[in-house]
Amino acid sequence: MSVNKKDILQTAKELRTQVGGDFHQKLVESIYSDAASIADRAVERPDKKQKFDLDRTIDKIVTNKWTGFPIMILLFALVFWITIVGANVPSRWLAELMLEKVYPWLKVISANIGVPFWIDGLILDGIYMATAWVISVMLPPMAIFFPLFTLLEDFGYLPRVAFNLDRIFKKAGAHGKQALSMMMGFGCNAAGVISTRIIDSPRERLIAIITNNFSLCNGRWPTQIMLASVFMGALVPAYLAGFISALSVVAIALLGIAISFGVSWALSKTVLRGEVSTFSLELPPYRPPNLWQTLYTSIIDRTLAVLWRAIVFAVPAGAAIWISANVIIADLSIAEHLINFLNPFGILIGLNGVILVAFIVAIPANEIVIPTILMLTVLSGGLAGVGEGTGVIFELESSAALLNIFTAGGWTILTAINLMLLSLLHNPCSTTIATIYKETGSVKWTTLATLLPVAMGLVVTFFVTQIWRVIELLL
Amino acid sequence: MAEKNKTQLLAPKEACAECPAYNAANLKKLGLNIEEVDHVIALAGNPNVGKSTVFNALTGLRPHTGNWPGKTVTRAEGAYEYGDKRYKIVDLPGTYSLLATSLDEEVARNFILFGQPDVTIVVVDASRLERNLNLVIQVLEITDKVVVCLNLMDEAERRGLKIDDRMLARDLGVPVVPTSARYGQGIPELLAAVHEVADQQIKTNPYRIKNEPPELKNAITQIVDQLKVVYPELPNPRWVALRLLDGDEEIAEAVESGEIGSIVQVGVEDNKALEVSE
C-alpha cells in the first residue's frame, strides 16, 4: 500500500463527512461513558446520604441571592477594617524611626563630613526620603492586608464571589469566567490579564482584558487604604474612624466592579458584539488554609515583592523629584513649572498639579503615587504652602500628621475623593500595558485598554467636582 | 542514560532500594536548578486538584497555590533528584479536557504531545473521580507513560468515599498512587512509581477508549493503518487519527509537514515544546 501524507488528510476528510458533524459529540460521549464505568467499579459510595454537608450549607448562605452580596461586603469591610486599624501603629512607628530619627541623624553626619549640598540633597532629601515614605506608608497595610486576602482565597471564598458575580457578567454580555480573571486582577492586573487565557472566546477574552484594570491591584490598595484612613476617618468620631475608612475602601472596590460590568456591557453592545458562551463554574471545596504557609507566601511573595518593586521605582523617582524641585529655570524650579502648568487642569477635576505630576511619575508603578505626592508637596514647599522650602524636616505622627501635610497642600475632602477615584480609574501600569500587548498582539486594543480608564477617570472626577461645588454653593 | 551499576550496592542496601521510604529519604528538591536532567515529567490534571501542591512537594518551590480553578494558566518548571536521576517537572495548566480550543488546553496538549515527557503524572481529585477520569482517558490516548496521582484522598475520606486504587490501576493499565499532597502523604510512593515508569521498569498497558460507536471505530482503524505506513514510529497513531477526524487543523498541519513524525525523536534536550506554548 503506498500512501503519502496528503492521502491521510484526504481519507480523514472523507471519513469525517461520513461520520457526520456530530463526531466531536460522539467522541466526548464515549469518553464520558468509559470514565463513568471505570469510576463506578473503583468507587464505593457511603450507603446513607450524609446528614449534614458543611460545604453545601456554607454555600447556600454565601451564594444566596439575598445574603450573598451583604456577606461579601461585610467580609471585605472586615478585612479592610483590620488592615486600617492594625496598620496605624506600626506606620507611625516606622515613620518616627525613618523620618524623625534616622533622617536628621544622616543629615548631621553628612553636614559634619562636608558632603556637597547637591549630593546631600539628591541622596538624603531625594532618594532616602522617597524610600522612607514608600516603606512607612505602604509596608504596614500590605503586611496585614495581603495575608488576610490570601487566607480568604485559600479557604475557597473567592470562587464563591465569582459565582455571585457570574450571573451579572453574563447579563453584561461577557463570559462568566471573567469573574475569575477579575479576582486575579485584585492581586495584580498583569496577572489578571494573563489569567484571561481561561476564556476561549476571543471576543469575551478581549472584554475581560480591557476591563481588568478596574480591579484595584496590589499597587493601588495601599493608596486607597491610606487615603481612606487619613481623610474619611477624620470625618467621623474616632471610634467610628476605622469602620468608615474600611467602608469607603469597599465602596471604591465595588465601584470598580460596577464599572467593570458597565464597560463590559457597553463593549459587548458596540465594538465587541457577539454570542455569550455558556460554561459551568465549579465551586471547589472549602479547605482549611495552612496558616503558616499562607503567612510565609503572602509576606515573601506578595508584600516584599510589591514593596521591592515600589522601592526600585521610588529610588530614581526620588532622585528625579529632588532634581526637578531644585533646578531653577526662570525663578521657578522645574517641578513648579510642571505643577503650575498642570494646576489649572487639576483644579478643574478637583485635584491639583502636584497630584497630576505624581500620576505621570508613577506610570511605571502605581505603588509610588502617594510617596511622590508627599515628596512633591513637601519639596516644592513654597508653592504648596508648607512654607519652609526644600528639604524641610517635618513632624510626623500617625495619620493626623499626614492630614496636616495634605491640608497644608491645599487638600480638601473633595481632593481625597477624587484622588481615590482617579487611582481606580487611570491607565494600567506599564507592566500591565506590556502584558496586554503581549496577550492581544494588537496596538489598537492595547491603546483602548490604556486610554479608556484615563478618559473615564477624568470625566468622572470632573463631574464629581462640578456637582460637589454646586452643592457647596447651595449649602 | 547512565546504566545502573547494581553490583556496587551491598545486598541489604539493594533490598532497601526497592522500598519507597528509602528513596524518599534521597529526594533532593532542586528548585529551579533544571540543568542536565535525565527525565522530563509533565504534571497534568483538572483545575483545582492540587497539581501545584504536588509540584511544590516535589521541587521545594513555593509558587502560591490558590484554592480556585484557573490559578495556573502558564507553565511552571522545577526539578528534583531521586534515586540517581535528575528530573525536570513541568506543571501544566489545569484543564478538563484536551479536546477544546482555549489557550490553556492547547498549552497542556502541546506539551504532552510534542514535548514528549518521559512520564506524565495526571493528578486527579479522588472525590470527583468520574469527571477527572475523562482527562486521564484522553491523556492515555496520547501517551503510554502515565502515572495517575489519586490526590485529595483526605477529602474523599471525609465524604465517606472508598476508592479501590488497585482496581483503578488495573482498569487504566497504569500505576495509580493515592496521595494527600497537602500533608505530604503518598509522595514517596508517587516518586517511586514515576521513577519506575521513567526507567521502564514498569510496562504500562494503557486503557483505550472502548465505547465508541462502530462507524467511529472503523474510521479510526482506516486512518491508523495509513498513518502507520507513513509514520511507522509514531507512538500514538490512534490519537492522531481521532484529532484528524475531529478536524484539528494544527494536527493536520503537523501530519502534512511531517512534524508529527519528529515526535519519536524529540528528547529531553529539545526545547521545541517550550516555544510552542509561549
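Numbered from 1 within each chain, the chains take letters A, B, ... in sequence-line order. Because only heavy atoms are used, hydrogens play no part in the values below, and waters and symmetry mates are left out as well, while side chains stay in.
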Asker: Nearest 0.5 Å, what's the CZ-CD1 distance between A:R45 and B:I163?
Answerer: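 Spacing of CZ (A:R45) from CD1 (B:I163) equals 8.5 Å.
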Asker: Heavy-atom distance under 4.5 Å to chain B: side chain of A:D40, backbone, both or neither?
Answerer: neither
Asker: Measuring heavy-atom distances to chain B, does A:I38 have an atom under 4.5 Å in its side chain, in its backbone, in both, or in neither?
Answerer: both
Asker: Looking at chain A, which one of B:L244, B:L129, B:L242, B:D171 has the largest number of heavy-atom pairs inside 4.5 Å, strictly under?
Answerer: B:D171
Asker: With side chain to side chain contact (heavy atoms under 4.5 Å, CB included) as the criterion, how do A:D55 and B:R158 come out once you've worked through the C-alpha distance, each side chain's angles and the decisive distance to 0.1 Å?
Answerer: CA-CA 12 Å; A:D55 278 24; B:R158 216 176 66 195; 4.0 Å; yes
Asker: If I measure from the heavy atoms of chain A, does B:Q222 come under 4.5 Å with its side chain, its backbone, both, or neither?
Answerer: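 Looking at B:Q222, just its side chain touches chain A.
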Asker: Roughly how far, to the nearest 0.5 Å, is the CG atom of A:L9 from the CD1 atom of B:I251?
Answerer: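 Those atoms lie 11.5 Å apart.
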Asker: Out of curiosity, A:E44 CD to B:M167 CE, how far, rounded to the nearest 0.5 Å?
Answerer: 11.0 Å
Asker: Counting only non-hydrogen atoms closer than 4.5 Å, does B:V255 touch chain A with its backbone (N, CA, C, O), its side chain (CB onward), both, or neither?
Answerer: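 Both parts, backbone and side chain.
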Asker: When heavy-atom pairs shorter than 4.5 Å are enumerated against chain A, which of B:L172, B:V136, B:N134 gives the highest number?
Answerer: B:N134
Asker: As an exercise: rank B:D165, B:L152, B:T95 by heavy-atom pairs under 4.5 Å with chain A and give me the winner.
Answerer: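 Top option by heavy-atom pairs under 4.5 Å: B:L152.
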Asker: Contact part of B:E141 toward chain A, heavy-atom cut-off under 4.5 Å: side chain, backbone, both or neither?
Answerer: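 Answer is neither: B:E141 stays 4.5 Å or more from chain A.
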Asker: Counting heavy-atom pairs under 4.5 Å to chain B, which of A:S201, A:A42, A:P202 comes out on top?
Answerer: A:A42
Asker: Is it the case that atom CZ in A:R41 sees more than 12 heavy atoms from other parts of the structure closer than 6.0 Å?
Answerer: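 Counting other residues, nucleotides and ligands, CZ of A:R41 stays at 12 neighbours or fewer.
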Asker: Heavy-atom distances under 4.5 Å only: say whether B:R166 touches chain A with side chain, backbone, both or neither.
Answerer: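 Neither the backbone nor the side chain of B:R166 comes within 4.5 Å of chain A.
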Asker: Which heavy-atom pair separates B:Q226 from A:T11 by the least distance, and what is that distance?
Answerer: OE1-OG1, 2.8 Å
Asker: Can you measure from CD1 (A:I8) to CG (B:L227) and round to the nearest 0.5 angstrom?
Answerer: 4.5 Å
Asker: Are the side chains of B:I209 and A:L27 in touch, meaning some heavy atoms are under 4.5 Å apart?
Answerer: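 Yes, close enough: below the 4.5 Å cut-off.
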Asker: On a heavy-atom basis, which atom in B:G247 and which in A:R16 lie closest, and how many Å separate them?
Answerer: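 For B:G247 versus A:R16, the nearest heavy atoms are CA-NH1, 3.0 Å.
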